[in-house]
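Working notes, beginning with the structure itself.
As the structure is a prediction and not an experimental result, all values here were calculated from the model. Per chain, numbering begins at 1; letters A, B, ... match sequence-line order. What you see below is based on every heavy atom in this structure, not just the backbone, and it leaves out hydrogens, waters and symmetry mates.
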Amino acid sequence: MEDPRNRQYTNGEITVFWKPSKCIHATTCFRELIEVFNPGRRPWVNMDGASTRKIIEVVKKCPTQALEWKYNKDMDEQSLAANVTYKDEVTPETLTSQNKSPEQDLHKTARVKVMKNGPIVVDGHFEVSGADGNKFRSVVMTSFCRCGGSKSMPFCDGTHRKIGFIDTNE
Amino acid sequence: MEDNTAQFKVIANGPLQVSGNFELFDSEGEIITRQGPVFLCRCGMSADKPFCDGSHKKSGFRG
C-alpha cells in the first residue's frame, strides 16, 4: 500500500518522488543542494531552486530510494495528477524533531540522535568544524558517519547499510 | 548572553567532539546526556558505542 506520507514535486519537466519511510538521514540532498532540499522550509523541496540537470544529479546521490525522479513525459496521467501542493508537509526534519519543545528553540539546543546501526543525526542550532579548525557550511541538519566507512567523511553517505554496520550496544 | 552554540569538532582520524548546548539521544529517543564534552566514535570499532574508547588508534582509522 502507498505510504500516505509520500510526496512528489515537479518543475514541469521532471518529478521528484520523496518516500520518508526510506530516508536514513544521510542528508546528502541538503548538503549538496540546500537551494532545493531544505528541511527548514515548507514545502521542503523547491523545484525552482536549481536546474533540472543539477536536481537529477543530487537525487541520484541519495543512498536509498527515499528520493527518486522521473521525466514527466514518461509518467502516466494518474501519476502526473498526483503532482499537487501539499499543506501537511512532511520533511526529513520532522522525523527527528517530534519531541521538540518551545524551550529547546529558545535555548537553541542542538539535538543529537544516535541512529540504530546508522549515523549520528544532528538538528537545531550548531556549528561543525574540521580537524583544521575550518568551519563547514552551516546547515539546519546533518549526519555524521559512525561506521567508519563513508567516502564523504565526516558525513554519512549511506555506506553503513552496504557494509552491514552493527552497533552491538543497541 | 554567552554564546554556547553546540560545537561539533571532527578530530582527525579520531572521534567527534561535541560540546556546548546539546542533547544526546539514543535511537529510542531516550536522553543519554546534556553534559559535554563528549567524544563519539567515528571509526565504527569502539566497544563503548556511541562513545569513543580509543579503538581508532588500534585499527588505524583514517577519516
| message | Please identify, among B/P50, B/G20, B/S59, the residue contributing the most non-hydrogen atom pairs under 4.5 Å to chain A. | response | B/P50
| field | Minimum-distance pair of heavy atoms, taken over all atoms of B/K49 and A/I166 | value | NZ-O, 4.2 Å
| query | Honestly curious: do B/F61 and B/F51 fall in one hydrophobic cluster under the side-chain, below-4.5 Å linking rule? | reply | no
| message | Quick check: is A/Y71 connected to A/V59 through a chain of hydrophobic side chains (ILVMFWY, heavy atoms under 4.5 Å apart)? | response | yes
| query | Between A/G149, A/C145, A/S150, which shows the greatest number of heavy-atom pairs under 4.5 Å with chain B? | reply | A/C145
| request: Would you mind telling me which of A/T168, A/N117, A/V112, A/I163 has the largest number of heavy-atom pairs within less than 4.5 Å of chain B? | output: A/V112
| Out of curiosity, does A/I34 fall in the hydrophobic cluster containing A/V16 (side-chain heavy atoms, cut-off under 4.5 Å, transitive links)? | yes
| said: Taking every non-hydrogen pair under 4.5 Å, which of B/M45, B/K9, B/Q17, B/H56 racks up the most with chain A? | reply: B/K9
| Considering all heavy atoms, the nearest A/K113-B/G29 contact | CE-N, 4.3 Å
| said: Do B/R42 and A/M153 have side chains that approach each other closer than 4.5 Å (heavy atoms only, starting at C-beta)? | reply: yes
| remark: Bottom line for B/L24: the part with an atom under 4.5 Å from chain A's heavy atoms is both
| A/F17, A/W44: one ILVMFWY side-chain cluster at the under-4.5 Å cut-off? | no
| query | A/M75 and A/M47: same hydrophobic cluster, using ILVMFWY side-chain contacts below 4.5 Å? | reply | no
| task | Output the option from B/P15, B/G14, B/C41 having the highest count of non-hydrogen pairs under 4.5 Å with chain A. | result | B/C41
| field | Stepwise ring pair (Phe, Tyr, Trp, His ring centres under 6.0 Å) test for B/F8 and A/F126 | value | CA-CA 7 Å; B/F8 291 77; A/F126 64 95; 5.5 Å; yes
| Looking at CD of B/Q7 and CD of A/E127, how far apart are the two atoms once the value is rounded to the nearest 0.5 Å? | 4.5 Å
| request: Can you see which heavy atom on B/V10 is nearest to which on A/F144, and at what distance? | output: CG2-CE2, 4.3 Å
